[in-house]
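Here's the structure, in structure tokens; my notes come after.
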Amino acid sequence: MNTSAPSPASAGDIHSFPPAKSLLSKIRNAIGLDPVLCYQCGKCSAGCPMASEMDLKTHEIIRLLQLDLGERLLSSDSIWLCLTCETCTTRCPMEFDPAAAIDALREIALREYPDRVPRSISAFHSAFLDQIRMHGRVFEFGLVAFYKLRSGALFGDVESVPGMLARGKLGLKPKRIQGIQEVRRIFSQCATEKPR
Amino acid sequence: MRLGYFPGCSLHGTAREYEESLKAVAAALHIELEEIRDWACCGATSAHATSRTLGVALPARTLMQAEKQNLDRIFAPCAACYNRLASAQHALAHDATMASQIRSILDYSPKTSVSIINIAQLLSAQAGEIQKNSKAPLNGLKIACYYGCLLVRPPEVCKFDDPEAPNSLDHIVSATGAAPVAWDMALECCGGGFSLSRTASVVRLSRAILKSARSAGAHALAVACPMCHSNLDFRQQAINKRNRDGEAMPILFLSQLVGLSLGLDPIQLGLHRHFVSPQPLLDRIGMGKLQPERREQV
Amino acid sequence: MSRIGVFICHCGENIGRTVDCVRVAHNLENVPGVVHSIDYKYMCSDPGQALIKQAIRELQLDGVVVGACSPHMHEKTFRKAAAAAGLNPYLCEMANLREHCSWIHEDRERATDKAIGLARFMVEKIKYNRPLATIRIPVERRALVIGGGIAGIQAALDIADGGREVILVEKEPSIGGHMSQLSETFPTLDCSQCILTPRMVEVAQHPNIQLLAYSEVESVEGYIGNFQVKIRRKARSVDEIKCNGCGECQKNCPNQKIPGEFDRGLGMRTAIYVPFPQAVPNIPVIDRAKCAFYRGKAKGVKKAVCGKCAEVCGPKAIDFDQQDSFVTEEVGAIVVATGYQLYSIGKAQESETLRGYGEYGYGAIPDVIDGLQFERLASASGPTGGKILRPSDGKEPKTIVFLQCIGSRDRAKGIEYCSKICCMYVAKHAILYHHKVDHGRAIVFYLDIRAGGKGYDEFVRRAIEESHALYLRGRVSRLFRNGDTICVHGVDTLSGEPVAIDADMVVLATAMRAQPDIASLAQKLSISYDRHGFLNEAHPKLRPVETNTAGVYLAGACQSPRDIPDSVAMASAAAAKVLGLFSNELLEREPLIARVDQLACTGCFHCERVCPYGAIERKQLKDGKGRVIKIVAEVNQGVCQGCGTCQATCPSKSVELEGFTDEQVYAAVNAL
Amino acid sequence: MASSFEPNIVAFVCNWCTYTGADLAGTSRISMAPNVRIIRLPCTGRIDTLFILKALERGADGIIVSGCHPADCHYTAGNYHARRRFAIFRDLMEFVGIDPHRVTFSWVSASEGGKWAEVVDRTTERVRRLGPFRTYPRLARGAGE
């Protein structure tokens with residue numbers, strides 16, 4: 001991804017500057033905010049519920065974005081671990097929107113680095129969206145079944161099915177909405193890369 | 001009062017007790033809920049995490065459906081659905097590129113004046129009525145009000161209550177006669193949509209919330225989101241099995257608490273559908289047993 | 001006027017980069033009346049000015065137009081140069097080719113065209129300029145200082161020591177300001193009270209200073225050298241002359257449990273109180289909202305509910321019926337030293353553009369305090385006698401977390417600027433804490449350390465190296481109650497590690513803000529303020545203590561966040577300006593004021609009604625036999641400020657504002 | 001055609017607020033349309049409505065009048081008098097057939113450099129769309145009849 005030609009001054013794995021401003025401008029356009037706003041206070045990372053599981057913390061994601069180090073960013077698990085809880089966006093002193101930036105990064109990563117999306121997460125998203133594509137709504141039994149097939153986590157949570165059924169929480173027959181064609185058109189027009 | 005009603009997928013599935021209790025409470029408070037015809041899923045996290053346009057287009061279609069029904073107010077009880085609808089509306093109003101994209105996809109441009117309200121807004125406006133019609137005030141109950149993420153964040157989309165120190169749920173809980181406890185985890189994320197895909201994260205995050213509520217002396221948690229409910233109720237079994245954190249903590253939908261205070265039948269409110277039995281809570285306020293034969297099936 | 005010289009300045013590259021100065025000068029050469037038109041690199045430089053002077057002398061110029069920067073920058077310079085060459089200074093005008101042209105445009109062609117247009121305006125205008133003579137007016141050589149904090153005290157003492165009378169107005173019951181609340185001061189750690197109190201006493205005893213505490217400026221009339229200031233003396237409910245400051249009233253007041261402002265709510269005061277023991281003047285005031293006597297009266301209870309203070313007062317100084325009173329003072333100069341307020345961390349904010357920090361639980365979590373509260377805890381005269389103890393349970397905190405930039409540099413909360421002093425006082429807090437609590441652990445969350453100042457950075461290093469404060473770079477996301485400790489969720493951005501710290505106390509270093517009522521004071525004084533409410537200086541670099549209203553000066557944090565040494569320096573600078581003004585009995589004023597053509601005046605006195613200064617007087621015109629022919633308007637030269645509203649209003653066009661006459665404006669417009 | 005038209009705009013501004021605000025725009029290097037030329041007056045109170053008519057007559061296509069915000073006048077109240085005067089002037093403009101959009105009245109303080117640039121750009125754009133100012137149409141028509 002780093003399109004800038006290695007300059008004689010940059011040895012081996014040191015990034016040469018200024019880098020090609022490719023990713024940065026895409027994100028700027030997608031979210032209507034300039035990542036240059038960020039002054040690296042880290043309040044986003046400090047409040048991030050997933051920070052302990054991320055190799056790149058939120059403020060580091062924004063920093064890499066400022067440096068336009070696209071490959072490092074787009075191939076990282078961390079952007080997929082964001083829960084979009086919006087804590088970072090709510091508390092950002094510079095009124096930047098890290099959550100939106102991460103969403104935009106995911107959209108690009110899905111196209112450019114589909115193999116790097118963690119399997120369980122991509123399985124969930126595609127199972128979820130498949131439900132909507134099929135029925136217009138999410139039919140939870142179908143979601144779980146499809147998810148298991150895609151993720152390979154066949155036996156997780158199996159013990160909970162009887163409990164769900166007993167409480168009347170799992171319907172077995174999906175209902176399809178009448179406007180399903182409309183919904184499918186939305187999907188085709190949004191031309192989303194299908195997560196694997 | 002007539003309100004457009006967007007139940008969302010969960011309320012027809014794993015969170016059906018939320019819908020049951022809502023409908024019972026709405027009837028008791030004379031609120032007419034008119035379901036949006038042929039609504040589609042809001043797309044939840046999966047849509048916006050993979051395509052920003054999809055994340056706006058799906059809820060925009062629902063806004064379009066509501067408009068066709070001449071509904072000028074839409075009530076979305078699920079906090080996640082509420083947030084997606086409100087975010088989509090915000091994007092349509094503030095992002096001209098997105099608005100024109102949506103117009104070409106739907107062949108329609110949804111009005112941005114329709115007001116989208118969540119359960120906290122609906123019920124806090126009814127707090128006086130709730131108090132007035134209270135047949136079984138929940139005196140003595142200590143409730144931790146859990147706002148989660150999507151009810152108040154981000155503030156420029158939700159535009160109600162303080163995003164850092166909210167009190168609308170506390171206000172409603174007070175109206176039921178129960179006492180809201182002071183605690184600091186009311187806005188922390190439970191793990192949201194990772195229930196299936198990263199269960200361990202959900203267990204870690206939800207456990208912290210449960211521990212904090214317990215140490216603040218709460219008897220139960222009140223929630224406004226089916227996803228939070230599932231993480232805190234259904235996943236609590238695993239949390240409690242692995243740790244010795246204390247008593248199991250019943251997780252109630254806000255509407256169920258309000259329903260109880262209005263004297264509605266616990267079964268009608270779907271209280272028997274929870275994984276963590278709210279029976280200790282009912283005992284505390286002197287209510288009867290949830291039908292034992294049904295519970296034994298579990 | 002037919003011998004005009006035009007002088008186009010390149011201002012180095014500043015004008016020359018975008019405006020073709022050579023073309024401008026050439027173009028102007030051909031304008032009728034212009035006999036000389038040149039360009040030069042730096043017109044304001046000595047050789048540049050020499051060019052102008054030489055041309056005036058050699059070519060007998062009767063008008064000079066300098067196309068350069070803003071007249072606010074160099075009008076005085078060039079008029080002086082013209083005068084030195086024997087030309088009346090008011091026959092010199094400036095065209096603004098820098099601020100209003102080269103700096104704001106990129107297209108060289110169009111910018112040059114515009115520059116020609118701007119210069120032509122002035123050439124046409126100057127043809128109608130008249131030589132004017134400077135006006136001399138008497139100066140009232142007494143000064144008013146508004147605000148009795150360290151800046152106001154310093155300014156008052158300097159002016160008084162310079163031999164001039166000063167009236168010092170302070171709105172609180174005592175002078176001393178925020179500095180009197182501080183424990184020690186950075187970077188020397190000398191005790192704030194110890195260095196401030198003697199200065200306060202000096203103010204009280206200085207023969208040239210009249211101290212009006214518990215008073216506020218009500219209105220200001222007049223102009224430089226001749227202000228009339230009306231001052232409201234708020235009712236203390238205590239006769240200042242009779243009171244001997246014995247303190248019996250305070251001791252006997254039954255209401256002992258009012259959170260004291262001076263201790264920021266950490267200590268209690270009574271309803272009749274002296275804010276702190278070293279107060280100047282040492283005269284109590286009754287807080288009528290809290291006093292049982294007044295509360296009873298407000299409720300309509302006929303019998304006096306209380307009166308303990310009056311009973312025990314030896315000199316019978318308690319005066320329950322005292323009312324606000326007013327005094328009017330004549331002064332020649334005013335120093336504004338109204339200081340600052342602290343950003344309020346809680347949810348309640350007085351302005352819609354500001355938001356509080358719900359995430360830090362200030363107000364809900366008792367051991368979360370602000371920096372000024374920490375000062376009171378650390379102060380030997382504070383509520384804990386200088387011991388660092390938690391407000392919740394009085395225990396000594398073993399771990400304190402300090403958060404910097406609370407409010408400051410936080411656009412989302414409404415404040416973008418750096419408050420300048422917090423890095424230093426947090427380092428001081430860490431050092432004081434280390435001195436006072438054995439094994440105490442200070443952890444500081446900072447964003448950037450701004451310690452530019454003599455001995456400042458060394459001081460911060462001392463906190464880190466000798467007091468073992470742990471500095472983490474990052475903001476804190478939220479504070480959580482965790483039993484009787486506070487869990488601080490932050491991040492150290494340098495290592496990328498999120499951290500959770502169990503703290504016994506959290507201290508928030510809150511932003512400095514402008515005073516809440518600054519707009520109304522600024523309006524009374526006709527001075528401007530920025531969007532944060534800080535008062536504007538006349539020039540950010542060259543006139544930092546003056547304002548755009550002549551005779552009004554600034555000192556201290558009312559102008560921007562600043563620390564004690566800066567405030568004191570600024571106060572002395574303002575005092576020097578005042579003493580300079582007072583060094584002459586007469587003051588020279590620009591003659592750009594209104595003039596009435598008494599023959600044309602019809603005596604309608606519309607001008608009198610619109611004049612904001614009351615400068616229009618009525619004059620009887622008499623014939624040779626002493627009979628009154630008509631009554632006409634006349635302008636009092638000392639009072640007129642030259643706004644020109646009279647001229648725009650006059651139906652018979654018989655009043656003219658010098659320098660901006662109809663002829664001059666139309667001449668410029670005709671040059672379009 | 002209309003796009004190649006560059007309007008001439010004259011700004012009558014007060015010395016204390018708007019002139020200083022325009023200076024600030026300069027020191028902040030805020031770029032703006034070069035169509036506006038400022039005539040400095042002490043106060044908006046000094047601005048005679050005839051200045052505006054004269055400027056239009058002499059070739060201006062648009063006018064800006066700007067001073068201190070209400071209550072912030074350097075001369076206490078000059079801007080209030082100006083405001084009253086211009087309220088009446090609007091009617092006169094309509095009467096003589098001047099599109100009121102050619103004249104912008106605004107308040108720009110000494111600290112509002114950015115706002116000044118906005119006023120300049122907005123007015124330039126608007127007047128550019130209106131095209132060149134030629135005459136006082138209604139009066140001219142009246143005279144012709």
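Note: hydrogens, waters and symmetry copies are ignored here, and every other heavy atom, side chains too, is used. First the proteins, then the strands, lettered A, B, ... as listed; each starts at 1.
Summarising the geometry, atom OG1 belonging to T84(A) is positioned 9.5 Å from atom CG belonging to N83(B); distances are rounded to the nearest 0.5 Å. Atom CD of Q189(A) and atom CG of D107(B) lie 9.5 Å apart (nearest 0.5 Å). The distance from the CG atom of L83(A) to the SG atom of C190(B) is 8.0 Å, given to the nearest 0.5 Å. The structure places CZ of R111(A) at 9.0 Å from OG of S51(B), a figure rounded to the nearest 0.5 Å.
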TODO: Tell me, with the steps shown, if R106(A) and T50(B) meet side-chain hydrogen bond (donor to acceptor under 3.5 Å, both in side chains).
DONE: CA-CA 6 Å; R106(A) 290 197 275 223; T50(B) 51; over 6 Å; no
Task: CA sep, side-chain torsions, deciding dist, call: K169(A), E17(B), salt bridge (charged side-chain N to carboxylate O under 4.0 Å, His left out) - done: CA-CA 9 Å; K169(A) 284 181 172 242; E17(B) 65 268 35; 2.7 Å; yes
Open item on the list: Quick one, C190(A) with I105(B), criterion side-chain contact (heavy atoms from CB on, under 4.5 Å). Give me CA distance, side-chain angles, the key distance, then yes/no.
Closed with: CA-CA 8 Å; C190(A) 289; I105(B) 291 172; 4.0 Å; yes
TODO: Dump the intermediate steps for side-chain contact (heavy atoms from CB on, under 4.5 Å) on R167(A) and H274(B), then the final yes or no.
DONE: CA-CA 7 Å; R167(A) 288 168 175 80; H274(B) 297 327; 5.7 Å; no
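Side chain of R61(B) to main chain of V183(A): no donor-acceptor pair is present (N/O by atom type, distance under 3.5 Å, no hydrogens or angles). Not one N or O on the side chain of R273(B) forms a donor-acceptor pair closer than 3.5 Å with the backbone of M164(A). Remark: side-chain polar atoms of S120(A) are paired, donor with acceptor, to backbone N or O of S197(B) under 3.5 angstrom.
Using a cut-off of 4.0 Å between Lys/Arg side-chain N and Asp/Glu carboxylate O, E107(A) and R52(B) are scored as not salt-bridged. A salt bridge between E164(B) and R91(A) is present, with a side-chain N of the basic residue lying under 4.0 Å from a carboxylate O of the acidic one.
Of the atoms belonging to L106(B), heavy atoms from both backbone and side chain fall under 4.5 Å from chain A. Contact of R37(B) with chain A is not made at all, since no heavy-atom distance falls under 4.5 Å. Of the two parts of L150(B), only the side chain, counted from C-beta on, holds a non-hydrogen atom closer than 4.5 Å to a non-hydrogen atom of chain A. Both the backbone and the side chain of S10(B) come within less than 4.5 Å of a heavy atom of chain A. Within the 4.5 angstrom heavy-atom criterion, only side-chain atoms of E140(A), from C-beta onward, approach chain B. Only the side chain of H12(B) comes within contact range of chain A, with at least one heavy atom under 4.5 Å from a heavy atom of that chain. Proximity to chain A is limited to the side chain of L205(B), based on heavy atoms less than 4.5 angstrom apart. Of the two parts of M227(B), neither the backbone nor the side chain holds a non-hydrogen atom closer than 4.5 Å to a non-hydrogen atom of chain A. In this structure, no portion of A100(A) lies under 4.5 Å from any heavy atom of chain B. Both the backbone and the side chain of I177(A) come within contact range of chain B, judged by heavy atoms closer than 4.5 Å.
Here C85(A) is the residue among S151(A), S52(A), G136(A), C85(A) with the most heavy-atom pairs under 4.5 Å with chain B. Ranked by heavy-atom pairs under 4.5 Å with chain A, the first of R198(B), R16(B), Q237(B) is R198(B). Top candidate by heavy-atom pairs under 4.5 Å with chain A, chosen from C41(B), S46(B), G191(B), is S46(B). Contact count against chain B (heavy-atom pairs under 4.5 Å) is highest for A30(A) among P162(A), G32(A), A30(A), A104(A). Of the listed residues (A49(B), G192(B), A57(B)), the one with the most heavy-atom contacts under 4.5 Å to chain A is A49(B). Interface remark: of the candidates S201(B), P163(B), G43(B), S201(B) forms the most heavy-atom pairs closer than 4.5 Å to chain A. Ranked by heavy-atom pairs shorter than 4.5 Å toward chain B, the options L81(A), V144(A), I31(A) are led by L81(A). When each of M98(B), H94(B), R235(B), Q65(B) is scored by its heavy-atom pairs under 4.5 Å with chain A, the top score falls to R235(B).
Between W80(A) and F194(B), the shortest heavy-atom contact is O-CZ, 3.5 Å.
Every residue two or more places apart in sequence or in another chain that forms a ring-ring contact (aromatic ring centres under 6.0 Å, His included) with F124(A) is listed here: F128(A). Take E156(B) and apply the side chain to side chain contact (heavy atoms under 4.5 Å, CB included) test, not counting sequence neighbours, and it matches T89(A), H90(B), P154(B).
With T90(A) as reference, P155(B) is the one residue of C149(B), P155(B), C158(B) to meet the side-chain contact (heavy atoms from CB on, under 4.5 Å) rule.
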